[in-house]
Structure formats: C-alpha cells, structure tokens
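These numbers come from a predicted model, not from an experiment. Just so it is clear: chains get the letters A, B, ... in the order the sequence lines come, proteins before strands, and each one is counted from 1.
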2 protein chains.
Amino acid sequence: MTSKMYVEILQKIYRIIEEDGLSAGDKIPSERELSERLKAGRSSVREALRSLEFLGIIETRRGEGTYLKEFGEHQLIDLLGMFILQDKKAKADLVETKWLIEQLCLLLACERRTEAQLDELKGFIQQKTIDYETFFKWVLKAGHNYLLERIWRVLNDFFRLQHEDVSLPLTFYEYTWTALKERHIANVLALFTEYVTKRS
Amino acid sequence: MTSKMYVEILQKIYRIIEEDGLSAGDKIPSERELSERLKAGRSSVREALRSLEFLGIIETRRGEGTYLKEFGEHQLIDLLGMFILQDKKAKADLVETKWLIEQLCLLLACERRTEAQLDELKGFIQQKTIDYETFFKWVLKAGHNYLLERIWRVLNDFFRLQHEDVSLPLTFYEYTWTALKERHIANVLALFTEYVTKRS
DNA sequence: AACGTTAGGTGGTCAGACCAGTTTGGTTTG
DNA sequence: CAAACCAAACTGGTCTGACCACCTAACGTT
C-alpha cells in the first residue's frame, strides 16, 4: 500500500454508485458489505464514509443504513462556513456580507419574479405572517439561484447566533412589494438601505 | 451517547488547537494521545481526523505525525467535483453566482481602495503580469471583506474545475483601473459586464 | 385483523494487534 | 573525536473481533 486506502475506497465507492445506478435517496451497501466487496477493513470503509458524510454527500442513519443525499442538501457551504467563520475577522464581516448578498438576491428577484410569486408574497403581507426570514426565503426562491440561496442560509444561520431577530415594520414589506411589482430596482435597494442597513 | 462522537471530537480537537495555541504548520498531538485526552477510541479519533484531512485542514505524514495546514490547498474541491460535476443546474448557478460576487467585490474595492493599492495594481498592469485571478485577488484585498474573499475563493476553485482560464485583454484592466481611480462605480460595473458577462 | 415479540441487520464505538514508515539516541567504528 | 551504524521508540495505516444502540420485518399470539 503506497497511497491512502481511504482515497481508493472513495473512488471505488463512487464506481459502485455508478455501476449500481444509484441516485439521490437510494441506499448504498452496508459498511460490512462494502468491506467485503472492496476487500478492506470496516474501519477503513468507515473513514471514507465519514468524509463523505461530513461533506453532506451521504447520510447515515443508525440501525437503518447509509443513503445518498441530494446535491441540494450538500453541506459544502455550511462546512466551509463552520471553518471559515471561526475567524474573528470573518465574523466582523458577517453582517456586511449578509447585507450585500441580500441586496444581490433582491436584485435577482426584482428581475425574475413572476406574477404568481408576487401574489404569494402579497398573501404573506396581508395575513401579516411576514417576517424577515420568510421574506428573504421568498426573495431567494424568486431569484432562482440555488447556490446563492445556500450561501445566504449559512450566513443567516450564523447571524442568528450572534444577533437578535430582525423585526421590520409592515410598511417595509408593502413598499418593497410595490417596487418589486414595478421592477424598480433602485427603489428596492433604497428601501433596503433605509430600513435595514441604516438601522444598525 | 446520543449525538455523533466524531462531531464532538472535532470540536474538542479544535479546542485543543486553540488552547495549545497551534497554527498552520504546527504538529498536533498524536492519535494515541488524542484518544487518551479525549477519552475516545482511536478509531473515532481517526474518523474525525480523516474528515479534517479530507477538507485539507490537516495533513498526516506516516511515521511523523499530523500537522495543521493552511486553509487554501483544499483538494476537497477535486474530490467533491467528482460527485457534483453532473448537476447541470448547480453548474449554471455557479457561473452566475461567481459573477455576482465579483461585481459585489468590485463595488467594495471601488469604495475602499487606497492610493497605495492603486499603485500596486498599476504595477501589475504595467508589468503585464496581470491575469483574471491576480486581478480579483487584488480586488478582494482592496474590498476588505474577508468573508467575501473566502466565498469567492471557493467559487473560483469550483469554477476552474469546469472552465478554461479566463483571459481578458489588457485594456480591460487598464480601463477598470481608471474607473477605480475615479471611484466611478457605474463604469467599473459596465466594464465588467462588457468584458466578462457578455463574453459567454 | 390487530397487536406484541423477537431475531437479524445496520451504524457507532472500542480495544488490541500488527505493519510500515520516521526519528532519536546510543554504540560501534574509522 | 567524528562519522557511520543500528536498534528502540515513536508515528500513522490497517485489520479483526467484539460489543452496544437502534431500526425493521417477520413471526407469532391474541
């Protein structure tokens, strides 16, 4: 053995996934079976699986088995967040970055929102069930950029660890809704600056 | 034990690194010692270490020990790419997101660049050693947002897996330099759109 | 048919053993 | 004395076998 076993095992596991035609949600062979098929000790197999689990590529359920996860649920960004945000410098930048990303998402949403989505948002506002997170989840969906959505979620999770919940007056959502309807980007951003950025 | 041992071990290892004041290049305690200090089996410790190695946070050298690595050489990307490259939606999002983040960074750099930094950039341009990555590393530094810098690096690593190197005419850097000097945000973004976004 | 019970499978953890490298310090040798 | 040598004591890498906790499904009883 010159190279690392667990790296080879990773490749072999990948091949098995391909050959068996497994896709997201499917169950992959048990640790003991992989151990046999790959002619490796169970501990080596586990070391490989642990890396995959850590990255969110697989999910292990005690007593049940090991399953492939959707790309969408990759914790890639979360993990990076975990290790990146340990940095004190990074924490200081968290708020700013979150705002910047949020403005980016507002921009996308303003371009891409559909009439149906606007109606949905109006519903939230009229029922007064709207809050900052609900609003931005809508924005992210309307923006149609999944990667950006993931990044925002991480930032938001970390933000909540350090800050109180953001509470904005209903008028912010109403005005912004109008600006989104008119596709008036400048107004959308101005409202964000007025209600969010400046208030801190 | 309700939660996963190796996650706890990861946290404890991180604490040890902090308490012992270890930084990049330093040696961390041996697996057997960690096993004792953390009151866990060696295999559990190894599973945790494997995840860290997979992410490129540590480096293990047989016979020598385990060392802390700089964050940045993550072969994480290569291995992960193997599993992700198929997802076309993610691929599309990646390009867009990278551009968006880059525009964000340009915006920050335009606001915050110092005269000294401008001189440095001019040097790169005059020596013709400038390329897309060099340019954006400068932009990120000038933007003074560490978190955004990290996010961009990750996106860029993924991007390079799937695309050719971006090569832009020298004029782009020259014009952008001027716009940055004048703090003319609109021009900076217009140049980016003209030379980068539209070319694809 | 509905309800327990049980046996087998699965991941989670551990201890101990051995292999394969590196480092270290003491011994031998020139 | 210095250089070369070598063995012991590390280090990570791997395997085995043994438990535990948990889930599922099949089996039986009511």
[N] [atom2] sits how many Å from [X] [atom1], rounded?
| X | N | atom1 | atom2 | result |
| --- | --- | --- | --- | --- |
| A/L10 | D/dG13 | CG | C1' | 15 Å |
| B/R61 | C/dG21 | CZ | P | 16 Å |
| A/E8 | D/dT14 | CD | P | 9 Å |
| A/I28 | C/dT10 | CD1 | C1' | 12 Å |
| B/E31 | D/dT11 | CD | C1' | 8 Å |
| A/E47 | C/dG11 | CD | C1' | 16 Å |
| B/E33 | D/dA9 | CD | C1' | 15 Å |
| B/E59 | C/dG21 | CD | P | 17 Å |

Does [N] have its OP1 or OP2 closer than 4.0 Å to a side-chain nitrogen or oxygen of [X]?
| X | N | result |
| --- | --- | --- |
| A/S30 | C/dT10 | yes |
| A/S35 | D/dC15 | no |
| B/R42 | D/dT14 | no |
| B/T60 | D/dG13 | yes |
| B/R62 | C/dC19 | no |

Looking at [options], which one has an atom nearest to any side-chain atom of [X]?
| X | options | value |
| --- | --- | --- |
| A/R32 | D/dT11, C/dT22, C/dG12 | C/dG12 |
| A/S43 | D/dT16, D/dG13, C/dG11 | D/dT16 |
| A/E64 | D/dC15, D/dC23, C/dC14 | D/dC23 |
| B/R46 | D/dT14, D/dC15, C/dC14 | D/dT14 |

key: Closest-nucleotide 5' rank along DNA chain D - winner of A/G63 and A/G41   = A/G41
message = Taking side chain to side chain donor-acceptor pair (under 3.5 Å) as the definition, give me every residue that meets it alongside A/Y132, ordered by chain and number, with sequence neighbours left out.
response = A/E102
ask   = What is the ring orientation for B/Y195 with B/F172, classed by angle as parallel under 30°, tilted 30 to 60°, or perpendicular over 60°?
value = tilted
ask   = Do B/R113 side-chain atoms and B/K181 backbone N/O form a donor-acceptor pair below 3.5 Å?
value = yes
query = Do A/R46 and A/E31 meet the salt-bridge criterion of a basic N to acidic O distance under 4.0 Å?
reply = yes
ask   = Between B/E133 and B/K137, is there a salt bridge with N-O shorter than 4.0 Å?
value = yes
